[in-house]
Amino acid sequence: MASVCSLALVLLFSFLSSHAFVVSLASSDGFLQCLSAAIPNQLLYTQSSPSFMPILVSSVRNPRLFTPTTVRPLVIVTPTNASHVQSTVICGRHHDVRIRVRSGGHDFEGLSYRSERPEVFAVVDLNMMRSVRVNRRAGTASIDSGATLGEVYYAVSKASNQLAFAAGLCPTIGIGGHLSGGGFGMLLRKYGGAIDNVLDATLVDAEGRVLDKKAMGRDVFWAIRGGGGESFGIVLSWKVKLVPPPKVTMFKVPKSIDEGVIDILTKWQVVAPALPDDLFIRVVVQNDVAEFQSMYLGTCDMLLPLMESHFPELGLNQTHCKEMTWIQSVPYIFLGSTATVEDILNRTTSLDMSTKATSDYVHQAIPKDGWVKIFILLAKPNAGLLIIVPYGGKINSFSEAATPFPHRGGVLFNIQYMNFWLATTDGSTQTKWVKDFYAFMGPYVSQNPRQAYVNYRDLDLGVNVVVGNVTSYKAAMVWGEKYYKGNFKRLAFAKGKVDPDDYFRNEQSIPPLVARK
Ligand SMILES: Cc1cc2nc3c(=O)[nH]c(=O)nc-3n(C[C@H](O)[C@H](O)[C@H](O)COP(=O)(O)OP(=O)(O)OC[C@H]3O[C@@H](n4cnc5c(N)ncnc54)[C@H](O)[C@@H]3O)c2cc1C
Ligand SMILES: *[C@@H]1O[C@H](CO)[C@@H](O)[C@H](O)[C@H]1NC(C)=O
Ligand SMILES: *[C@@H]1O[C@H](CO)[C@@H](O)[C@H](O)[C@H]1NC(C)=O
Ligand SMILES: *[C@@H]1O[C@H](CO)[C@@H](O)[C@H](O)[C@H]1NC(C)=O
Ligand SMILES: *[C@@H]1O[C@H](CO)[C@@H](O)[C@H](O)[C@H]1NC(C)=O
């Protein structure tokens with residue numbers, strides 16, 4: 001009963017089509033009955049279940065997206081096999097209840113568990129489907145979408161110390177969302193992004209069918225590798241190619257304004273994307289300090305002369321080098337030097353800090369006076385930080401159309417602008433800082449379209465408008481071309497093939513275009 005009351009309250013304040021909403025409310029009972037008939041009850045959590053809130057919050061990473069007024073799902077389904085996912089889709093279609101699918105819950109706008117608009121929806125939370133099966137001899141792994149990067153990295157390293165997976169840095173990220181949007185980390189210059197190493201996938205489509213690469217067809221298999229989460233169906237599992245990193249050498253070297261960081265960064269922009277592919281140096285900039293964080297696929301003895309010839313400004317010496325195995329580098333870079341390899345299996349994260357972020361791509365080095373101004377903005381009260389990731393090498397070697405992820409040749413680096421604040425405080429100055437910083441950067445970054453990374457989702461870039469029964473293609477171009485450039489139209493046609501009725505939809509899902517006969 002409580003659930004119906006809170007939904008009715010939301011309804012009162014809704015400016016949106018209350019007609020559609022009433023229809024959905026009436027159909028929610030039928031939906032729940034349909035689920036109960038097909039799925040064991042212990043895998044279903046309605047709002048009145050004592051476990052509903054703990055499960056819903058379990059993989060929320062950003063308290064900004066989880067407040068008392070956040071629109072919550074009618075029910076959470078935690079499938080343990082494909083048939084439960086198929087049943088949820090079939091029940092949802094029949095009773096007009098949409099689905100949000102969640103793997104790791106790291107979506108920057110929380111679209112895997114909340115809706116911006118009042119809506120009746122179910123969350124399919126894949127956290128019980130997270131097995132990782134490594135085929136050592138073939139150098140591949142089959143990974144269920146609910147696995148975290150940490151779980152994948154751990155399983156791969158247990159199976160063989162000669163294998164690794166090229167993906168992002170944060171161990172609690174879910175495979176499902178990560179591979180849907182691209183996925184890049186310290187191995188991107190040598191081995192490309194995570195999507196560049198996907199060999200096959202299993203998708204539950206809007207008809208409730210289970211499709212592999214062959215059955216889904218070329219366009220849909222292309223689309224799910226970087227075309228953003230949710231749009232094409234629910235990806236249950238992925239087969240990926242593993243890569244062979246030898247031992248690695250890590251370093252972290254901070255440089256402040258007083259130590260000449262502005263000149264060093266100005267130089268870094270042209271050096272880092274052109275280094276040998278074995279050497280990756282990213283930069284985290286906060287206050288008046290930039291920390292250069294690196295992974296080199298070789299020994300310190302080999303690294304030092306390389307740095308001396310390409311980037312002597314950093315002053316790297318023996319004492320900065322930390323030689324380790326690839327798996328040790330995972331906690332080292334993201335959790336700090338005291339973290340252990342087992343710590344990357346910890347799925348719990350703190351809900352103390354809220355964040356807001358957005359991203360840009362840079363094709364031409366920013367002039368020195370630009371960096372001077374950037375450091376002035378970073379010195380403001382409540383300023384955020386920058387995470388700058390060099391491209392070049394393998395990730396740039398693919399054509400823009402090879403995958404939906406179009407940020408390839410010509411890209412020097414990706415920048416993420418991020419700000420954070422205590423969840424108990426108001427973040428409006430921090431949010432405004434991100435907005436102002438993004439506006440300031442306009443002249444220095446890619447243009448027409450101004451590119452952005454879909455895995456750093458930002459609803460300020462634009463949200464969908466539904467016209468009639470489907471998402472408007474025209475309105476979606478505003479944000480869609482930023483994420484996908486010229487691939488956006490092909491994505492819309494792929495969506496039109498697999499989900500012409502636009503069942504899988506969210507605030508930034510791909511709108512369907514259907515080719516005229
Ligand atoms: C702290 C932090 C660090 C990060 N570091 C990196 C990094 O180093 N490199 C990088 O590339 N990215 C990074 N990201 C971004 C990250 O890759 C994306 O947020 C990614 O989409 C998260 O995946 P998820 O499964 O955890 O998210 P979720 O919130 O579960 O899902 C994200 C989106 O994908 C959809 N989705 C989820 N699972 C599926 C599925 N199985 N089938 C279809 N759609 C699905 C969801 O509905 C949602 O729209 C980082 C994010 C955070 C919060
Ligand atoms: C999925 O789980 C159900 C129990 O909920 C079981 O009856 C069914 O056989 C399982 N299906 C597969 C393919 O394992
Ligand atoms: C290495 O460089 C640091 C500065 O980054 C310096 O403090 C240290 O003395 C140097 N060590 C050697 C052995 O040169
Ligand atoms: C897991 O991480 C959380 C949040 O950082 C921390 O509070 C907790 O102690 C960790 N658990 C273990 C077993 O290390
Ligand atoms: C939308 O779909 C419903 C049924 O799902 C149908 O009754 C209605 O006519 C459709 N509206 C439009 C504008 O296509």
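Numbers for residues simply follow the sequence, beginning at 1. Indexing begins at 1, ligand by ligand and atom by atom, following the structure's order. Just so we're clear, the structure is a prediction, and the values are computed from it rather than from any experiment.
- For Cys170, there are no disulfide bond (SG atoms under 2.5 Å apart) partners, not counting sequence neighbours.
- Within the 4.0 Å heavy-atom criterion, the part of Tyr453 lying near ligand 1 is the side chain and not the backbone.
- Geometric assessment of Arg100 against the ring of Phe121 yields a positive cation-pi assignment under the 6.0 Å and 45° thresholds.
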Identify every side-chain donor-acceptor pair in residues 326-339 under 3.5 Å, counting partners at least two apart or on other chains, and give the distances.
residue : atom : partner : partner atom : Å
Gln328  : OE1  : Thr325  : N            : 2.9
Gln328  : OE1  : Thr325  : OG1          : 3.2
Ser329  : OG   : Trp326  : O            : 2.5

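- With 3.5 Å as the limit, one finds no donor-acceptor pair spanning the side chains of Thr78 and Asp125.
- Arg225 forms a cation-pi arrangement with Phe221, by the criterion of a distance under 6.0 Å to the ring centre and an angle within 45° of the ring axis.
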Distance-only check: which donor-acceptor pairs under 3.5 Å involve side-chain atoms of residues 281-289, not counting sequence neighbours?
residue : atom : partner : partner atom : Å
Arg282  : NE   : Gln293  : OE1          : 2.8
Arg282  : NH2  : Gln293  : OE1          : 2.9

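- Contact annotation: Tyr113 has no heavy atom less than 4.0 Å from any atom of ligand 1.
- Contacts with ligand 1 closer than 4.0 Å are made by no heavy atom of Arg61, backbone or side chain.
- Within the 4.0 Å heavy-atom criterion, both parts of Ser103, backbone and side chain, lie near ligand 1.
- If you check the side chains of Thr355 and Arg61, you find no donor sitting under 3.5 Å from an acceptor.
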Pairwise, report which nitrogen or oxygen atoms of ligand 3 are under 3.5 angstrom from protein nitrogen or oxygen atoms, and how far apart they are.
residue  : atom   : partner : partner atom : Å
ligand 3 : 2 (O)  : Asn317  : ND2          : 2.3
ligand 3 : 5 (O)  : His320  : NE2          : 3.1
ligand 3 : 11 (N) : Asn317  : ND2          : 2.8
ligand 3 : 14 (O) : Asn317  : ND2          : 3.2

